[in-house]
Undergrad: 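Here you go, one structure.
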Amino acid sequence: MAGYEPKAIERKWQQVWADEETWEVANPGQPGFDERKPKAYVLEMLPYPSGEPHVGHLKCYAVGDAIAHFRRRQGFQVIHPMGYDSFGLPAENNAIKTGEPPRVATERSIASFQRQFREWGISIDWSRELATHTPEYYRWTQWIFLQLFEKGLAYRTEAPVQWCPKDATVLANEQVVDGRCERCGTEVEQKNLEQWFFRITDYADRLLEDFDLLESWPEHVITMQRNWIGRSEGAEVVFHCEEVDLDFPVFTTRPDTLFGATFFVLAPEHPELMRLVAGTPAEEEVREYVNRVGRESAEERGAEDREKTGVPLGRSVVNPVNGEEIPMFVADYVLMEYGTGAIMAVPGHDSRDYEFAQKFGLPIKRVIEGSDPEEARDGEGLPYSGDGPMTGSGRFDGKHNREAYEEIVAWLEADGRGRPAVNYRLRDWLVSRQRYWGAPIPVVYCEGCGIVPVPAEQLPVELPEIEDYAPQGKSPLAAAEDWVATECPRCGAAARRETDTMDTFVDSSWYFLRYLDARNAEAPWDRTASDYWMPVDQYIGGVEHAILHLMYARFFTKALADLDVLGVQEPFANLFTQGMITRDGAKMSKSKGNTVSPGDYVERYGADTARTYVCFMGPPERGGDWTDEGVEGVNRFLSRLWRLCEEAETRTEAGEPDAAAGGQARELLAKAHWAIEKATRDFQRGFQFNTAISAVMELVNDAYRLKNELYGTPEGGAAVRFATATAASLIFPFAPHLGSEVYERLAGGRVWEQPWPEADPALLVSDTVTLVVQVNGKLRDRIEAPAEAPEEELLRLARESEKVARHLDGQQIVKEIVVPGKLVNLVVR
RNA sequence: GCCGGAGUGGCGGAACUGGCAUACGCGAUCGACUCAAAAUCGAUUGCCCUUGCGGGCUUGUGGGUUCGAAUCCCACCUCCGGCACCA
């Protein structure tokens, strides 16, 4: 008998699936479209093709494929496409180092991913394959940019960016590690440059509200996005500076502490700052301070235990609630990007203001009483951030601060000194990159017309071939003079192309829509296709994308819905984030030398083993440590299933099992139905693959235990055959090749065309149950009892047990608890 | 500091609604097969006491609710992830 040889089996079925295009599905209106089936869009995050796939990819696509297979066999029409996020920095950095064009390295990597996806047996609809670096794709990325531009959602403005002085280039945020340039280690500087932005902040509230539209997302991902958006409700309050007759509005979430404001602080970047001190004795010191802060990196400035610094301005503003004049300062703990770049400082109730006040000897005033009245009297317990009755607040004294909150705002508003306001932590999305390997931003600059969008019919603006990829302080594209020089689409005069390219997150913010109609040359997608397939029913990927990619894609979806080219508000109804696989307890990295190459394991044990192993390691949402012993354990299990198949094929007859069989035949059939029930529940409850696989292992173990007896009779043989074919059917989503092969041999037919098996309820119940007998809650005996026995019968059986009797000796039963079919607990004293 | 997640054998992990803790896998020990090894098959495997029968203890710690708690409640400890001077 031949042993389990995955290579031959896997090649055979991969050939079938490729030849027959098994996993391709049609769109509505196309031939082959089945309108009776409900749809399911199963999607894993598309890979960034760099080098070879790693184990993280294996896990992601193994998990997604299991879901896709399960849904298909549940009767869904499943769309399960694949593509490549093929623009990006690593390919470009490689080009700078080696001179190899990014396109060449990228396409080589894509070929490697394609080959491995086929070797893994992932059920992909290859007719919908895409790569974001192809003109056929980025043409539509550019088209979407133009739509956003027309709607005012894409705009150009000056903004501070990270600048590496050594490489003379702007860096993407991801390229700044601990305040230093990732490549040369030079400390980065902030520079103001004209940049393109997407107005994601317009969607802040909808991004928050529409969490309600999601079916199932991990709670922590929603929380992370909510924190990232950082919506704060409060008030804008105006402080007036008489000396220069200027209003300084501030944003505060605590208008109830207004009476406690004892000073006022401006951010070093505040536009009115220098005007305030011009010609005063403070001018020199303020200028020095601002310059010093300006030289510091964001990292230094935001350091956790940094001491408060600042300079008095020699000016004051009037607190609108009580007319008090309070001194003004400049300090770097106030950020220009948030609120108005100015704050009222309430040292009694804010720890940062408190620190500053301590250092500069400023008054600290309590205006909210804490729970301990002693403290209030002594001025202890400050800063206090809790709630309580107000004090030192004029007409509001004695009132609870939460109640006074709105009253204060309303009072200020009536006098025009304030109003309710909302602030967000979220900033607009900076999308321009001074980089070569990305989608060109489709605009031109004309002397006469200014910024002119490239007309849609002239798309794509193709990325030109260039010689030198090294950044020279502007995009390497600027060197492609022939390409840059163009004419204005509006007036025909000489004009210059935008040389920045788009952030690659733009490419990946809409790819799930292109899959729906990937070969469409007239439009990014057809609305009938998106109306049918959207939203994605199950999205799968790493939690590292919890904020950026997932929020950008949500923003795009809403913007595209507003443009009326899409009919959904949320792209991903259900999200699953898989945990990271480690090796020896540490994150895999080339420098640590602890990487695992999926290809090696597929070569040695077969794709089925590798796939099943990553699904069996533990709950897929949690991480897991890769061990070779674990892989071998799974390989051993699949080999056992294989040998069982070979043996059953010769020693049993084809045919239906006898549902009325008794004895061990019934025992094995019951186990098979138990496994069906267990695996189905594990799939339906989410991603409990590890326990689904263990149920199949139990079934195979039982078949081994019972088979030699069962081969003796026809109904026994039929039970073994059924159990083995069932194991194949249930393991198919994880080990599709072996599942197909075993199923075909024992049951005939193609397992993926079979409906997912259903457990026979008659075989899930048994005549007897194991009755657990406890005395005072402690387990004392287990008794086989008739399943339908009444309570009195169970109590009688329990009392008759010798083991139980020993513990009842000389004691009085004060209570009897009976859980029918399960347990009896006798309480004695 | 704030937010989120998790603590169960030697290890990865199971346990539906409060009802047999440790399924399944790894590792380990023993046995069968073999000249031998590998592979395979079978048995044992939470800890402590006991020759055995049996008994006691055990789900991060301490308390509570309950006939009964890994599961519910309170307090605490540890680890992991995210954000972090956001007014």
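In what follows, chains are A, B, ... by sequence order, proteins preceding strands, each numbered from 1.
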Undergrad: In Watson-Crick or G-U wobble terms, both distances under 3.5 Å, what is the partner of B/G52?
TA: none

Undergrad: Measure from CG on A/Asp781 to P on B/G55 and round the result to the nearest Å.
TA: 10 Å

Undergrad: Assign B/G9 to syn or anti; the rule is syn for a glycosidic angle within 90° of 0 and anti otherwise.
TA: syn

Undergrad: Within 45° of the ring axis of A/Tyr711 and under 6.0 Å from its six-membered ring centre, is that where the NZ or CZ of A/Lys707 lies?
TA: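 No cation-pi geometry.
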
Undergrad: Please report the closest heavy-atom contact between A/Leu797 and A/Ala785, naming both atoms and the distance.
TA: CD1-CB, 3.9 Å

Undergrad: Provide, to the nearest angstrom, the distance between the CZ atom belonging to A/Arg425 and the P atom belonging to B/C3.
TA: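 Going from CZ in A/Arg425 over to P in B/C3 covers 15 Å.
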
Undergrad: In terms of the nearest nucleotide of RNA chain B, which residue is placed more toward the 5' end: A/Asn825 or A/Tyr338?
TA: A/Asn825

Undergrad: Check A/Glu793 with A/Arg796, please: is the shortest side-chain N to carboxylate O separation under 4.0 Å?
TA: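 Yes, charged N to carboxylate O under 4.0 Å.
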
Undergrad: Both distances under 3.5 Å, Watson-Crick or G-U wobble: report the partner of B/U22, or none.
TA: none

Undergrad: Partner lookup for B/U71, please. Criteria are Watson-Crick or G-U wobble with both distances under 3.5 angstrom; report none if nothing qualifies.
TA: none

Undergrad: For A/Lys587 and B/C80, what is the distance between atoms NZ and P respectively, to the nearest whole Å?
TA: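 Distance, rounded to whole Å: 15 Å.
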
Undergrad: Without decimals, in angstroms, what is the distance between A/Glu632 CD and B/C26 P?
TA: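 It is 10 Å, rounded to the nearest whole Å.
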
Undergrad: Are A/Arg583 and A/Asp628 close enough for a salt bridge, meaning some N to O gap below 4.0 Å?
TA: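 Salt bridge present between A/Arg583 and A/Asp628.
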
Undergrad: Answer with base, sugar-phosphate or nothing: what part of the nucleic acid does A/Gly633 contact at a heavy-atom distance below 4.0 Å?
TA: sugar-phosphate

Undergrad: Students often get this wrong, so: under 4.0 angstrom with heavy atoms, is A/Val334 touching a base, only sugar-phosphate, or nothing?
TA: base

Undergrad: Suppose we define a pair by two distances each less than 3.5 Å, Watson-Crick or G-U wobble; what does B/C76 pair with here?
TA: B/G60

Undergrad: Rounded to the nearest angstrom, tell me the gap between atom CG in A/Asn635 and atom P in B/C24.
TA: 20 Å

Undergrad: Check every strand shown and say whether A/Asp353 touches a base, only sugar-phosphate, or nothing at a heavy-atom separation below 4.0 Å.
TA: nothing

Undergrad: Under the salt bridge (Lys or Arg N to Asp or Glu O under 4.0 Å) test, which residues partner A/Asp353, sequence neighbours left out?
TA: none

Undergrad: Counting Watson-Crick and G-U wobble pairs only, both distances under 3.5 Å, name the nucleotide matched with B/A43, or none.
TA: B/U29

Undergrad: Quickly work out the A/Gln225 CD to B/G81 P distance and round it to whole Å.
TA: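 Roughly 21 Å, once rounded to whole Å.
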
Undergrad: Starting from P on B/U17, measure out to CG on A/Leu823 and report it in whole angstrom.
TA: 18 Å

Undergrad: In this structure, how many angstroms lie between the P atom of B/G4 and the CH2 atom of A/Trp217, rounded?
TA: 18 Å

Undergrad: Please classify the nucleic acid contact of A/Arg427 as base, sugar-phosphate, or nothing, using heavy-atom distances under 4.0 Å.
TA: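 Contact class for A/Arg427: base.
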
